[in-house]
Amino acid sequence: MPGKLKAKVVAGRHLPVMDRASDLTDAFVEVKFGTTTFKTDVCPKSLNPQWNSEWFKFEVDDEDLQDEPLQITVLDHDTYSANDAIGKVYIDIDPLLCSEAATVISGWFPIYDTIHGIRGEINVLVKVDLFNDLNRFRQSSCGVKFFCTTSIPRCFRAVLIHGFVEELVVNEDPEYQWIDRIRTPRASNEARQRLISLMSGELQRKIGLKVLEMGGNAVVGYLQCFDLEGESGLVVRAIGTACTLDKISSTYTAAIVQNLSNSSPSKDMKDSPQAVPSALGCRSTHSSPVHSASSRLSQGFSVSVPTLLFAGMKNRHRSSEGPRARQCRAGFGEEAPGVPLSSGPPTPLRAQTFSSFSPSKSYSRQSSSSDTELSLTPKTARICLSPSSPIHQCKSSPIPTTKVPRSTTPPPLHVSQSDTAMLRKSVSFSEDLLLVASGMGSGGSAGKEAGPLKALLRQQTQSALEQREFPFFTLTGFPPAFLLHVGGVVSARSVKLLDRIHNPDEPETRDAWWEELRQEIKSHAKALGCHAVVGYSESTSICEEVCILSASGTAAILSSRFVQDGALDTDHRLSRQQASVFTTGAEKGEGVMGSSASLGFEDVAPPACGFCHIPYDELNMPFPAQLTYCHCCRRHKVPDVLFTTIDVPTEANVTGKGCLIQARLCRTKKKGQGEGNATAISNLLPFLEYELHTQLLNKLKLRGMNALFGLRVQISVGDTMLLGLASATGVYLTALPSPGGIQIAGKTPNDITYEQHISNMQKKINDTIAKNKELYEINPPEFVEEVIGSPIPEPRQRSRLFRSHSESSDEVLELDLSHGKKDAFVLEIDDTDAIEDIHSLLTDAPTPPGFYSCNTEIMPGIYNWTSGLQMFTSVRVFRLSNANLTNQGLNKIFNDLCENLLKSLYFKLRSMVPCCLCHVNFIVAVPEDELIQVAVTAVAMSFDKDQSQENGRQSGDKTLMKAITENEEQLQFPLELSAESPSNPLSCAKGLSEVSGPLPSARAPSVDHSSFTDRCSSWIEQLRLKAHTIRRGSIKTMSSLEKASPVPEGRSRSLRSNRSCPGSSITVVKMTPLSFIPGAKIIKYLGIINMFFIRETTSLREEGGVSGFLHSFIAEVFAMVRAHVAALGGNAVVSYSMKECVFMENPNKNQAQCLINVSGDAVIFIRESELEATPSQTQSGNVQTSSNGEGT
Amino acid sequence: MSVELDVFVGNTTIMDKEVYQLWLNGYTVNDAVKVRMEGGVMEECEASAEVLLSDTMDQFRTFQMCERLLQNPAKLANQLLFQIPPDRQAMLIERYYAFADAFVREVLGKKLSKGTKKDLDDVSAKTGITLKSCRRQFDNFKRVFKVVEELKGPLVENIRQHFLLPDQLARDYAAIVFFANNRFETGKKKLQYLTFQDFAFCAGQLINNWTVGAVDNMVEDMDVDLDKEFLQDLKDLKILIADKDLLDQHKSLVCVALRGKTKVFNEMETNFKNLSRGLVNIAAKLTNPKDVRDFFIDLVEKFIEPCKSDRWTATDVNLYLTHYTNSAHILDSFKYQTVWTRYMGVIKSCILRMYHE
């Protein structure tokens, strides 16, 4: 009985009138957790009832605590008929399970009904008491922190980055069950909401287990998605990056220690000076003796090995390119052995000719994996069609991978050899594993029912393997010096036919699908000479029974600093397991052990331009590219263009400003069914991707830039069309050569008018480029050309690069541009298509003056953000009235739709000028035959114009560093401070009371909601006055005091109730898709917000039509997110994203339905202006971290 | 091809003051777009008509969704649906409750009933204010009336607290409520020259001096109903005109004081009895609700018009009324000094306000 959940219903307000006669409501509340339900008394005849209930206590497993939400239902009591439900509140308990996050949930929650929307509010208090869990076979993973943020969260320091974790769970979709017919929409909506809430709880728990298994204590870049597969079910899947994080700025020792104790016992030892055991909070100490032994062992290694390796490597790094590259490869080989689970025979083949085996492989895989299911569904043979199968060259489209496309020339001999060897090893191993796994129920299927031993085995084997298997990182921002080199974008897609998931406990097919895709990605990365994939993400697009799975990331070489230990860690565990569990693991184990020694890379902090340097061997380039010497260091080679899915590294030298670049494309397709449809789609995909890529490249050149960051290609499938949208932020990397212009070549050079037309266009293009250069302030320093090549590529080579996108297909021959004898990038106008393209190139409206936009976290070149912040979501649905549209027509419509949407945004936000739209995230969908839906979520941030000009450059850099990566300082501070680290808490406390005196007067001038400022300052004053009664960790300035005098739990509320200002009882909650808030410091992460809502209406017209309906729904979703954050004690959501917005309408029936899924991290931030007054706290905050900075 | 759905939702609700005003004014989306285009916002921001239309629609929808909250401004502050900075909230409320003088003059003193609401299209036609806007303003009046009707305590304060209105606006609403409650006639032709602010001023005077609240501040309706006892007492003032001696005495005292101080002395002297009779009669009749309604007409007919025809200046009126009031205090046999002061204080300031030269 490891947990006691307590809930108290305080009051309600603004309830709807449920009794027409009296115009009042007799409300009562049901509080349900799991299968236990409590009820409050009826509060008769009131729209603002005061229940003030007792504490309802639920004694539950912590496993349930993680899975289940607390359900609060508000009902209207009816004496004669059934009680009417007013609405519900689902409260995710998870933040309370992590000792470091919130300690209590308390506040007003909107009462939500799927038919009526928000109907009043209810004030609830929730607490959890956790007991130590000593069960060695437990299924829960309390205490693992989850972050949506795709970089190391602000107030943490990465000790280790373990790597990729993934999990998926499937279930029947309640909406699609037969029972639906006799159910009200409300009932099925609620069933769905509840199910998804349960599933994501379960998913999170399972991921948590994997993290614990890897020895981590947190998941960063947690990305959870729902696939509404319709009749075939509902899939909830998640990926993330397991890390071991250390709190930096905080001084709540207890919390930290607790947190660390979660990760592994050996950690505890390291942190022992602060080890203050706490009674509260979850204990996830691994009680399995075997396990803890292994992790201790690995820890021992982790301390000593890196230093050894680094020392050895340092010199070599300086020497030359060659050895380094080879080393990378070796490293990768080590990472590689994971290829398993691709049980197909052709695997060895694969290494030699990466791209030419697709059909056989996919089919064989299909047959092998669907053995069992075939018998159940004989008529729906599953087809794994790779998009590019028609070309018979590459399995799934290699195209989006700008730099990636694997050349048809076979890779260097020595590499392939070593690879095959490696692969062979792993195959033999994996087959064994497959047997074991299938025998035990793999892929996150072993739920509560599965035997504990079985589950344990599964977790250990799986997570250990997968760690080896996929060196993927969902992070897009990295600790300094983590990212060594970037190869380019790698992506893979595959088209699948959905069929019913027969056994939700065995989601192997879905697992296998993703597995396949990840392997693909991995091999792409390998082809680029990279051993890791960063900025990794996965997505799906579903239309009827066809599903496109996409995965993409950026191939990279990472510093071993953060990964190394993790890898070793698993190595050992793996080998141990092999010894104990698998009989055939010996060979593999040896291989791993052997290679781990050679794993190390140089650990010298790379120069700022380092990540631009090519990771692959210059002599054996994976694809033809134009290399030049780096324009920064002049020593290493760089490519001419660089595409990535990550954020602009903070150390990168960027000339001028960046801008949002989008490629948009529509392709019609015939309606089809089943296999035929899937084939048609996969036939179209490569062309779509190719064109998207061309567009991107053209637009990039048109802006005089040479690199794309945050690239996200989205392909959406509809019945009659495919939509492609690629968004990225273009920048000019100083290290890369200046891009050449764009040259137009006509096909009929004899025609004079045509010539004229061409030259006109050419002039226009040249003008645009010049204008853009001015607009984005791109004036790179002159670069003295060196021998190896001009910045402007030779035409021939250029074209080769171009061609490489879709290898040797016929199409490429047509597009071979080698005859264009111009000095630059050549566009040939040979048909109307091309003219259209160029037109669209030129019609992309520039952003209005004062506006910038990007889809990365921040805009390079802008540093001095003000506190002006406006997050928004905008949705548009466009109806195509004419079904017989040509591709061009469609393209134009789609293009206009996106352009107009952007224009509208600029207009809406004009009052914030000068401002930048950051993290612009487009989601396109084809909800129906003739509908195109585009949803945008972004944040507009205003900045200070004056400083951002000339003089701002220097100080700006500083601000940038400060604002973007606190990691830097986080890493340095501890060392500097370590001498005085054991500073006694009392002196700190004294310091606090001194400095906090002037605080209230030092109000943040920048806070836009005055009420909040008031609250904050009065709050801080409160802190000072009531220092000894304040809750643990509620604010940073307090924490040192706390150490001196631990606080009784019960007092926790006093703070929050006191600080609320008299005027309004509502906390202002900021929301942003970014991981930080400009001008403010995040002092505490309160937990992940992951919410799923359904709203339905049967009176669409009355609610203001589709727009009115969706408008209020989105507003409601925001309101509920804010309310939950406020209830956790937070004042902002960072890394907010809307992952799903499925809108369906039936105007004839006056009905509409919408599903929205949002997520983010709830945080407490305080303005920097307030922080500056308390420097002593910052220092003391860094103290703990110093003791375990072994990796740095 | 058409945009089927188009929404924009900000975490902080974005509202453009100008568009809000257009919405309040009851414009249709298309009219509002036209107005905005003429206003030049397009050139300013390089926007197209399409963009403008989308923005206008979106904001109108936002306002519509907010309207429910605006009708209960206290809710606006603690609702969760829209995150609106406090200063914006205040602006929204203030503008929502603002009204057009032209409109209020039409309904001032009328019963705030369904019947009146039905006639709003006439009002709309007459004033050129859109029917929608008329309805909003009328509903505001009615809503405020209904809420404060049942509350104890000072009227203005109640309105200010309940509807979070700024002081001046709260006073205006108090006047409207006061007029509606007492059904003062304000629509007659003779009263057309008076502005709402004139009436509001008079209402303020009446509320502060003649209502129950002027003597007792914890009664229901204290500021809305005139003090019955006081009205009863006013009957006693009749002696000033009924008693011939007293009337003469009063006249001579006033004349002595005024002589040589004004150009219209002669007219004052001749009209004294008429004017005095007028004012005292008004006082004496106020127990009758019908005569309360005609209070302002009576003031105009019995006092303002005669003075105007004799070309008194405002200073003359002030002078006259001052001495008229003060002289009564010197009259030995006149015993109703307090009532007289309470009555004449209001009468004097009302007349002065209503006396437009």
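Residue numbers begin at 1 in each chain, while the letters A, B, ... track the order of the sequences. Given the structure is predicted, the values throughout are model-derived calculations rather than measurements.
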salt_bridge(B/Asp16, A/Arg910) N-O dist < 4.0 Å: yes

Pick whichever of A/Phe907, A/Phe1109, A/Phe851 has the most heavy-atom pairs under 4.5 Å with chain B. A/Phe907

Which answer fits A/Glu1116, side chain, backbone, both or neither, if we ask what part of it has an atom under 4.5 Å from a heavy atom of chain B? both

Does NZ or CZ of B/Arg135 come closer than 6.0 Å to the centre of the six-membered ring of B/Phe138, within 45° of the ring's axis? no

Report the option among B/Thr62, B/Thr13, B/Leu80 that has the most heavy-atom pairs separated by less than 4.5 Å from atoms of chain A. B/Leu80

Given heavy-atom pairs under 4.5 angstrom as the criterion, report whether the side chain, backbone, both or neither of B/Asp58 touches chain A. both

Is the number of heavy atoms from other residues, nucleotides or ligands under 6.0 Å of B/Tyr27 OH greater than 12? no

Please indicate whether B/Met57 has more than 12 foreign heavy atoms, meaning atoms of other residues, nucleotides or ligands, lying under 6.0 Å from its CE. no

Chain B contact via A/Leu909 - side chain, backbone, both or neither, heavy atoms under 4.5 Å: side chain

Answer with side chain, backbone, both or neither: which region of A/Glu1145 has an atom nearer than 4.5 Å to a non-hydrogen atom of chain B? side chain

Using only atom types and a distance under 3.5 Å, with no angle test, would you say the side chain of B/Glu4 pairs donor to acceptor with the backbone of A/Arg879? no

Ion pair check, B/Asp119 and B/Lys110, cut-off under 4.0 Å: no

Counting heavy-atom pairs under 4.5 Å with chain B, the top scorer among A/Ser874, A/Ser1107, A/Ala1119, A/Pro1147 is A/Ser1107

Only pairs of heavy atoms separated by less than 4.5 Å count here; which of A/Met871, A/Gln870, A/His1111 has the most with chain B? A/His1111

How far apart are the C-alpha atoms of B/Tyr20 and B/Met91, what are their side-chain angles, what is the distance that settles it, and do they pass the side chain to side chain contact (heavy atoms under 4.5 Å, CB included) test? CA-CA 10 Å; B/Tyr20 184 49; B/Met91 184 279 289; 4.0 Å; yes

Find the one option among A/Val1069, A/Leu931, A/Val1117, A/Val913 whose heavy-atom pairs under 4.5 Å with chain B are most numerous. A/Val1069

Close side-chain approach of B/Leu24 and B/Gln21, heavy atoms under 4.5 Å: yes

Portion of A/Ala1123 that has a non-hydrogen atom of chain B nearer than 4.5 angstrom: side chain

Identify which part of A/Phe1143 has an atom lying under 4.5 Å from any heavy atom of chain B, answering side chain, backbone, both or neither. side chain

